[in-house]
Every structure is written in structure tokens, then in C-alpha cells.
Amino acid sequence: MEPGNLTGVSEFLLLGFSEDPELQPLIFGVFLSMYLITVFGNLLIILAVSSDSHLHTPMYFLLANLSFVDICFTSTTVPKMLWNIQTQSKVITFAGCITQMYFFILFTGLDMFLLTVMAYDRFMAICHPLHYMVIMNPWFCGLLVLVCWVLSVLDSLLHTSMVLRLSFCTEVELSHFFCELIQVIKRSCSDTFLNNMVIYFTGMLLAVGPFIGILYSYCKIVSSILGISSAQGKYKAFSTCASHLSVVSLFYCTSLGVYLSSAAPQSSHLGASASVMYTVVTPMLNPFIYSLRNKDIKRALKRFFGKESIKRPIVLGLKKYT
């Protein structure tokens, strides 16, 4: 194939998981079910938080933002894959590929930053409870979320603009179900050294950095919990972090699996299969992790659907975050 200018590339081919026609209905059904569960579950979290004044606290405000980002995150990739399966097509236009890549990087960054801010929220609640409501005021929480958006937008713009400078061959096949940045760069006919350096640099700065921040927060949290004298007090303090810690572990472990699988050239579909864990499974599980043992969320949902009309007294201070 002759290398062509980027403007000459009109479409990419997404190979997906399998080319077997008999497996396509199964793949379509599984991913459609997971997508609907993800959207419905995270939407319920947003409705519960917005409709119940008792949940208008920093931790639930951040949780509602995370649920919104998870809906957008999954909607960036899954609907296009479902459409391609339904129409028996593997094509995505060049403009569509760049757009999908932009929003995928954007919402991936938002996920990482919001998880970091939520760790900071738990750090302030447990380690500095007397100053918590003063520091984590609505203005500061909104500012933190705004900073997350700005950093994510800038990071996404940087990567997509770097891709726009590349040239591709006349036909580009991606062994993936969406336009993943590394997969697209690997198919370029240009020198991608600068692109790879930008990926490694931003990865260390914007991925490893927040992870170190989360580890630092939990080191301080564990230290504070160990200083509590009663066993019941320790359990209550740790239970406020259990859900967030579970989501962080799930997100970073699956992301690490994708990174390791991308370094394995012997399996073209290994990276696509591993990506399902953090692009589809993790956003789908988040509402269950945050709501199954959370009495405040369940009570808010019952009130929203009209199954509970008894008003609770307003309790000042921190709420249980499980």
C-alpha cells in the first residue's frame, strides 16, 4: 500500500472481536444488555442524588458526576459497535474515528481525575472531619470538577491533534471495536516517535500522578483509622471508603491489564477483549458497588419512585459512604 496523506483517508475498518457471523447476534445481545444496564444504573444514581436534598453533600455530588461520566464513557464506544454489528459493517469514517478517540480520551481522563478527587474527599472526611464541611464547600467542589474537565479536555486535544499530523496507508484495519489511540498510531505510515513520547509523558503525569495521589490519601486514611480506639469506630470509618476503594481497584487493575495486553503482539484481539473490562464492565458495576449497601441511595430511590413517603430528620455531619 502506498502511504497517503491524512486527508486522503476516508474511513477505517473496526475488526471487533470476531468475524464469525454466527457469533455476531450473541455479541450484539451481550453488549446491548451491558450498555442498557450501565446507562440505567448510572442514571438512577444521578436521579437519586439530584432528587433527595439529604444527598446534596460533597461525596454524593462527586458520585453523581462520576455516574454521568460513566454513561458518556460507555456511549462513546458501544453504540457504534452495536450499529456496525446490526448493519454488518466494519466501517467508521475518519472524522468519526477522530471524534470517538477524542471523547474516549476525554472521559477516560475524567474517570481518573474524579476518582482522585473522591479519594481526597474521603481523606478530608476521615483525617480532618472538623474542617470537612468548611473546606469541601459547594464552590470548592465545583472548582475541583471544573479542573478535572479542563485537564481532560486539554489532554484529549493534545493527543487527537498529534494524530492529525500523521499519515496513514490507503486502508486502515484496527483490531479493536473502537478507535483506540495506540491502535490508530500503530497503523500509521509516519514516524510515530513523537506521538509515543507524548503518550508516555502524559501517561506518567495524568495517570500515574492521580494514582499516587490516591495511594497517598489512603495511606493517611489507614493511619487515621488505626488510631481509632474502638473496633466499631474503625469499621465505620473504613466502610465509608469501601465502595470508592473497590471502584479504584477495578478501574486501575483493568486498565493495567489493557496496557499489558497491548504489549503482546501475538494476539490481535487480546487488547480489544481486555478493553471491555474498563470501557464496559467497570462503568456497569459502579452503580451496584455504590448502591447495594448504601441505605441513603436506596431510600432516595424508593422516595423517587413513590414507595417511601416518610421524611427523615436531617442529620448534620458526614453521611455513610458505602
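All values derive from a computational prediction rather than experimental measurement.
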Stepwise side-chain contact (heavy atoms from CB on, under 4.5 Å) test for I297 and L55 = CA-CA 8 Å; I297 292 290; L55 301 184; 4.0 Å; yes

Hey, does [Y] have a side-chain heavy atom less than 4.5 Å from the side chain of [X]?
X	Y	answer
L106	F73	no
K80	Q100	yes
V184	C97	yes
V117	V145	no
T74	T279	no
F304	D52	no
P283	Y278	no

message = Counting the benzene-type ring for Trp, do H159 and Y102 have ring centres under 6.0 Å apart?
response = no

Same hydrophobic cluster for [X] and [Y], using side-chain heavy-atom links shorter than 4.5 Å among ILVMFWY?
X	Y	answer
L32	L43	yes
V150	L62	no
M118	F140	yes
L215	L250	yes
F288	L44	yes

Using only atom types and a distance under 3.5 Å, with no angle test, would you say the side chain of [X] pairs donor to acceptor with the backbone of [Y]?
X	Y	answer
D121	P58	no
N65	F61	yes
N137	V134	yes
S156	V153	no
D155	L151	no
T192	N195	no
H176	L15	no
Q24	I85	no
S152	W149	no
T116	M112	yes

Can you tell me how far [atom2] of [Y] sits from [atom1] of [X], rounded to the nearest 0.5 angstrom?
X	Y	atom1	atom2	result
R187	L174	CZ	CG	6.0 Å
L181	I199	CG	CD1	4.0 Å
I221	I126	CD1	CD1	4.5 Å
I46	S51	CD1	OG	11.5 Å
W139	L146	CH2	CG	10.0 Å
F28	N84	CZ	CG	11.0 Å

Any idea which heavy atoms bring [X] and [Y] closest together, and the distance?
X	Y	value
A119	S217	O-CB, 3.9 Å
Y252	P210	OH-CB, 4.0 Å
L166	M162	CG-O, 3.8 Å
L66	L115	CD2-CD2, 4.1 Å
S188	F168	CA-CD2, 3.7 Å
M101	V163	SD-CG2, 3.8 Å

query = Stepwise, does the side-chain contact (heavy atoms from CB on, under 4.5 Å) test hold for F251 with M277?
reply = CA-CA 8 Å; F251 180 83; M277 290 302 298; over 6 Å; no

ask   = Does any donor atom in the side chain of S67 or Y290 lie under 3.5 Å from an acceptor atom in the other side chain?
value = no

request  = For the pair Y60 and H54, evaluate ring-ring contact (aromatic ring centres under 6.0 Å, His included) and give the outcome as yes or no after the intermediate values.
outcome  = CA-CA 10 Å; Y60 288 114; H54 298 91; over 10 Å; no

[Y] and [X] aromatic ring geometry - parallel, tilted or perpendicular at 30°/60° bounds:
X	Y	answer
F178	F104	tilted
F94	F12	perpendicular
F103	F107	parallel

request  = Evaluate side-chain contact (heavy atoms from CB on, under 4.5 Å) for V247 paired with L285, printing each intermediate quantity in order.
outcome  = CA-CA 8 Å; V247 172; L285 293 180; over 6 Å; no

inquiry  = Taking atom NZ as the centre, does K220 end up with more than 12 heavy-atom neighbours from other residues, nucleotides or ligands that are less than 6.0 angstrom away?
reply    = no

ask   = Counting only heavy atoms not in F68, do more than 12 fall under 6.0 Å of its CZ?
value = no

ask   = Taking it one step at a time, do F113 and T108 satisfy side-chain contact (heavy atoms from CB on, under 4.5 Å)?
value = CA-CA 9 Å; F113 293 139; T108 301; over 6 Å; no

